[in-house]
Amino acid sequence: MPMRNLPPNPERISHRHIEVFRALMLAGSATGAAQMLFTSQPTISRELARLEQLLGYDLFERVQGRLKPTARALRLWDEVQRSWDGLDRVVEHAMALGQPHQASISVLCMPALSHALLPGALARMQRTHGEVAVSVATQDGPLLQEWMSAQRFDLGLTESGDTPPGTRMVHLPAMDEVAVLPASHPLAARERLSARDFEGQPFISLARDDPYRLKIDSVFARAGVQRKMLLETLSAVAVCAMVRHGLGVAIVNPLTARACVDADMILRPLDFSIPFQVHMLLPMHRPAVPEVDWLMDALEQEAQHVL
């Protein structure tokens, strides 16, 4: 078929034209393409002719009753396949959103909570409701509040009692900080520790500006207890790792302590209270995900279990 020189045409190539082209490439004939698209062979031929007219060049050569793609058609076919795969993924995702087991929740939490509270809650949720896809990101301090204000996540978990703009806060049950000790430490023989028990002990502390560090230091200052302040770190997980290696004793939140306890490290309750509380943050301007309620219930149950 000779190439055509046609005047410009304002009509655009439609998705239907591309659908016909794809069917022709897959079937190799107008008859086969018509069967794929549940239409007639003359309709397919007419749509192909119109597509070639709009393009200004031929897509197929007619050889013994079959359609042989031109070089341009083969190059176009590569792009159509990529685009069609993307469309298939969009359709699959749209269908999956209607299935409970394919629901997706995005969670932003402090690093310590991603291994100390959230895993147990996720296990509870799956036991009750089946599989739910969950994406977990970790962040701390002001950035966590900023990202929640920006409505970027379905649920946030934080130790801070400040409610970021554009969110509402739900409190989980409060619990007390605990002592963590090397398993071979002499204080491990006691069931509960007082402030006086820490006198002269190598103490692994949180960073100086950590709010729980300030509360802990205040307790020992009021009791007149002097500790050996040799090590400090930003992370409660790192504190526990140092305790496990016999570098000292420490006071951390009960969630991290429970997650890190093993044969080399034990935890003990304190006879004084340093309250620790986790708060759930919900974005006020982000479309609601019903499965978030399932996770919130599971977090409540997990916190009660720790208590």
Side-chain angles (χ1 to χ4, degrees), residues 109-118 138-145 157-162 169 171-262 264-280 302-307:
C109 68
M110 301 181 67
L113 301 179
S114 68
H115 73 90
L117 174 69
L118 189 57
T138 59
Q139 191 49 266
D140 216 336
L143 273 180
L144 185 149
Q145 294 195 334
L157 295 175
T158 179
E159 296 173 9
S160 171
D162 298 328
M169 180 176 286
H171 308 290
L172 287 173
M175 52 197 81
D176 283 329
E177 300 256 309
V178 297
V180 285
L181 318 165
S184 59
H185 197 280
L187 290 177
R190 303 195 179 187
E191 294 185 0
R192 183 177 293 268
L193 301 181
S194 69
R196 301 300 311 175
D197 291 326
F198 291 86
E199 179 70 44
Q201 295 291 336
F203 194 89
I204 303 167
S205 187
L206 296 168
R208 293 181 184 274
D209 58 351
D210 185 283
Y212 287 96
R213 160 74 179 269
L214 299 177
K215 294 178 182 179
I216 293 168
D217 288 351
S218 176
V219 168
F220 289 117
R222 290 196 303 269
V225 172
Q226 297 294 319
R227 299 159 292 160
K228 294 180 180 178
M229 306 293 285
L230 300 177
L231 295 168
E232 65 180 42
T233 176
L234 288 169
S235 166
V237 177
V239 168
C240 290
M242 294 176 187
V243 169
R244 189 182 295 114
H245 282 81
L247 295 173
V249 300
I251 294 175
V252 296
N253 73 78
L255 299 174
T256 300
R258 283 170 52 89
C260 294
V261 70
D262 59 15
D264 297 318
M265 188 190 82
I266 63 171
L267 64 87
R268 289 290 182 265
L270 301 166
D271 68 0
F272 53 91
S273 175
I274 301 177
F276 172 82
Q277 190 167 29
V278 176
H279 313 280
M280 299 182 287
E302 186 69 9
Q304 291 288 357
H305 176 67
V306 174
L307 285 173

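All heavy atoms count here, side chains included; hydrogens, waters and symmetry mates do not.
Of all heavy-atom pairs spanning G246 and P182, the tightest one is CA-CG, 3.9 Å. Here the closest heavy-atom approach between residue T233 and residue A238 is recorded as OG1-CB, 3.6 Å. A pairwise comparison of heavy atoms in D176 and S273 identifies OD1-OG, 2.7 Å as the closest pair. Between A112 and H115 the shortest heavy-atom distance is O-CD2, 3.2 Å. Closest of all the heavy-atom pairs between L255 and N253 is N-OD1, 3.0 Å.
Ring geometry for Y212 versus F276: interplanar angle of 30 to 60°, hence tilted.
With sequence neighbours excluded, no residue forms a salt bridge (Lys or Arg N to Asp or Glu O under 4.0 Å) with E177. Applying the salt bridge (Lys or Arg N to Asp or Glu O under 4.0 Å) rule to R196 yields the partners E199; only residues at least two apart in sequence or on another chain are considered. Among residues two or more places apart in sequence or in another chain, the salt bridge (Lys or Arg N to Asp or Glu O under 4.0 Å) test is passed with R208 by E232.
Atom CG in L144 sits 9.5 Å away from atom OG1 in T138 (nearest 0.5 Å). Considering CE of M265 and NE2 of H185, their distance stands at 13.5 Å, rounded to 0.5 Å. The CG atom of D140 sits 10.5 Å away from the CD atom of Q145 when rounded to the nearest 0.5 Å. Rounded to the nearest 0.5 Å, atoms OG (S114) and CD (Q139) are 11.5 Å apart. In this structure, F203 CZ and F198 CZ are separated by 6.0 Å, a value rounded to the nearest 0.5 Å. Rounded to the nearest 0.5 angstrom, T158 OG1 and M169 CE are separated by 6.5 Å.
Side chains of R268 and R190 form no contact here, defined as non-hydrogen atoms less than 4.5 Å apart. Residues R227 and I216 are in side-chain contact: their nearest non-hydrogen atoms beyond the backbone lie under 4.5 Å apart. Looking at heavy atoms from C-beta onward, L172 lies out of side-chain contact with E302 at the 4.5 angstrom threshold. The closest side-chain heavy-atom distance from V237 to P111 is not below 4.5 Å.
Comment: D217 engages R213 in a salt bridge, judged by a side-chain N to carboxylate O separation of less than 4.0 angstrom.
Screening V243, T256, V261, I204 against V180 for a side chain to side chain contact (heavy atoms under 4.5 Å, CB included) leaves a single residue, V243. Applying side chain to side chain contact (heavy atoms under 4.5 Å, CB included) to R244 and the options L181, D264, V239 leaves one that passes, D264. Screening I251, V178, D271, L270 for a side chain to side chain contact (heavy atoms under 4.5 Å, CB included) involving L193 leaves a single residue, L270.
Around CG of L234, the count of heavy atoms belonging to other residues, nucleotides or ligands within 6.0 Å does not exceed 12.
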